[in-house]
Number of protein chains: 2
Amino acid sequence: MSNTELSATIAKSIRDAIVEGRLAVDDRLPSESELAEQFEVGRSTVREALKRLAAQSLIRTERGAFGGAFVQRLSYADAQAQHVTTSTLLLSMNEVSFVTACQARFALERACVDLACAHRQAADLADMRAEITRQSQPDLSDEGFCASDVRLHRALVDSAQNPVLSYQLAGAVEAMQPLMNMITFSDRSRSEITRYHTMMVDAVEARQPPKVVRALECLEIYTLELGRGKILARKQTPAR
Amino acid sequence: MSNTELSATIAKSIRDAIVEGRLAVDDRLPSESELAEQFEVGRSTVREALKRLAAQSLIRTERGAFGGAFVQRLSYADAQAQHVTTSTLLLSMNEVSFVTACQARFALERACVDLACAHRQAADLADMRAEITRQSQPDLSDEGFCASDVRLHRALVDSAQNPVLSYQLAGAVEAMQPLMNMITFSDRSRSEITRYHTMMVDAVEARQPPKVVRALECLEIYTLELGRGKILARKQTPAR
DNA sequence: GACATTTAAATGTCAGACAATTAGAAATGT
DNA sequence: ACATTTCTAATTGTCTGACATTTAAATGTC
């Protein structure tokens, strides 16, 4: 306790006030000088605390007269961005096997199948079909293929029309992209994947959850197969 | 672009270096003074940037000679803590209906059923049964009941033996707790919930995924029913 | 060789200054 | 009366220099 830095303590104090609702969205915090007085610290210490909160999208700051720090409404987009960053780093900095990550990813994705079949709109289907078309272009780079893959799965998740679910799943799916980028896709594997994608979207359109699940399972098995040969020598501690 | 603060730019620059692997785990960053020179800014600006990174658990700082800022390995625990905070705030600061949140939560939880049945250990079952026993104590407070509920579901998720899945799901489940805490549990509803919990654990022990799913569905329906009457007047913007 | 002391490097904190930004008030012009 | 410009005050952003604190390593002492 004695070792804790003041700026961390102050950040925690303010964060608690926000989490517990004592500070509501768009409320203005006291100015930096006032906070410095209240907490009996220097202004720079307060500023470090505020930067910590800003890094978590808990506050935003505005300059000028009547500016200051305001409690920020955490948007789905911000929350998802943070989730993606965290998940990506977690995967890249720990010895996570390709199998474990893949298993988790597809298990999670299956979570949206029932709702997707129930609530999918024409626009969702169009989005997904558009990505499948893009994936069939022969001049698409590997990165482009992976990016399109992510967008397709993202569209599947969104078709459940549940923003909370989208936030959770899209984060998980996007975090897998760097791992997928390690795989080079031959013409053959591309067409195989696209075939499963088509199966999947057809089943969503037909509102047949078990068929969607089956397509996803095919994809999972095939992805694992593609990843198997791949050297899983991860790069997180390259030398020494 | 012209409006971006220097400390944010510097933080982004270092964050990119970490994400792209140019800085590996436990690498030491240059000292604050050296960074200040390199980026041609004052030391306080560098410090604000470092605090932003520290808030995301991307670095840790050590004091004293040969101290400094080190790239930190993001642990599952840290990642999950961040996920819980983010998810909780997302739910508390946006107009998310109880139904939407509940739907997402149970859809996600179903994602671990197959793996849980396949890989559950005796210890997992023991953990879950222990929580059920605790929930049957009549002198347990509502908060205690909810906390035990979270631990039970957490144990279910962990029994899949997939840390990536645990991280994702545990975050989602824990984030729902504040919403659940709004419900007061009568003796009758407690015993009803405990009954479903027992069904669920029995099915996991018997390795019968469909039965687990059915128990979870019962729980979801019953939870929704309990939440329905509840005033869903959310507190995020109490008075204007 | 074991223990105590000193030293140097680094972060943590503070105070004071100034620049940049911005909304609103005041002044000015028509 | 209204529009435009200028001024003003509040606030964040940045820099500088100072000092306190912490810590590992170097040095000294027995």
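Proteins get letters first, then strands, A, B, ... in listed order; numbering begins at 1 in each. Values reported hereafter were calculated over all heavy atoms of this structure, with side chains retained and with hydrogens, waters and symmetry mates removed. From a predicted model like this one, the values you see are computed outputs, not experimental measurements.
- When each of N94(B), L89(B), L90(B) is checked for a side chain to side chain contact (heavy atoms under 4.5 Å, CB included) with R73(A), only N94(B) meets the rule.
- Protein atom CZ of F39(A) is 16 Å distant from nucleotide atom P of dA15(C), rounded to whole Å.
- The R28(A) side chain lies nearest to dT11(D) when the options are dT11(D), dG12(C), dG13(D).
- Put simply, S33(B) has no side-chain N or O that comes within less than 4.0 Å of OP1 or OP2 on dA10(C).
- Relative orientation of the Y167(B) and H83(A) rings is perpendicular, given thresholds of 30° and 60° on the angle between their planes.
- Nucleotide dT11(D) holds its C1' atom 11 Å from the CD atom of E62(A), rounded to whole Å.
- We find that NZ of K51(B) is positioned 17 Å from P of dG13(D), with the value rounded to whole Å.
- Within the shown strands, dA20(C) is the pairing partner of dT11(D) under the Watson-Crick or G-U definition, both distances less than 3.5 Å.
- Residue-to-nucleotide proximity on DNA chain D shows that, of R43(B) and G67(A), the 5′-proximal contact is made by G67(A).
- Going from atom CZ of F70(A) over to atom C1' of dT22(C) covers 12 Å, rounded to whole Å.
- The separation between E40(A) atom CD and dT13(C) atom P is 15 Å, rounded to whole Å.
- If you check dA25(D), dT11(C), dT14(D) against the side chain of F66(B), the one that comes closest is dA25(D).
- Here dA10(D) is the nucleotide among dG13(D), dT13(C), dA10(D) with the atom lying nearest to any side-chain atom of A65(A).
- G64(A) comes within contact range of at least one nucleobase, with a heavy-atom separation under 4.0 Å.
- For E34(A) (side chain) and S31(A) (main-chain N/O), a donor-acceptor pair under 3.5 Å exists by modelled atom type.
- Atoms CD (E48(A)) and C1' (dC14(C)) sit 11 Å apart, rounded to a whole Å.
- Using a 4.0 Å heavy-atom distance criterion, R60(B) is classed as making no nucleic acid contact.
- OP1 and OP2 of dT11(D) both lie 4.0 Å or more from every side-chain N or O belonging to T61(A).
- When each of dT22(D), dT14(D), dT13(C) is scored by its nearest atom to the side-chain atoms of R63(B), the top-ranked nucleotide is dT22(D).
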Test side chain to side chain contact (heavy atoms under 4.5 Å, CB included) on Q82(B) and S57(B) and set out the steps.
-> CA-CA 9 Å; Q82(B) 283 186 226; S57(B) 305; 3.4 Å; yes
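- Residue R47(A) contributes atom CZ, which lies 15 Å from atom P of dC14(C) at whole-angstrom precision.
- Considering only side-chain N and O atoms, S31(A) lies nowhere under 4.0 angstrom from the phosphate OP1 or OP2 of dA10(D).
- Aromatic ring pairs are classed by plane angle as parallel below 30°, tilted from 30° to 60° and perpendicular above 60°; the pair H197(A) and H153(A) is perpendicular.
- Nucleotide dT16(D) holds its C1' atom 15 Å from the CD atom of E32(B), rounded to whole Å.
- Nucleic acid contact class of S44(A) (heavy atoms, under 4.0 Å, all strands): base.
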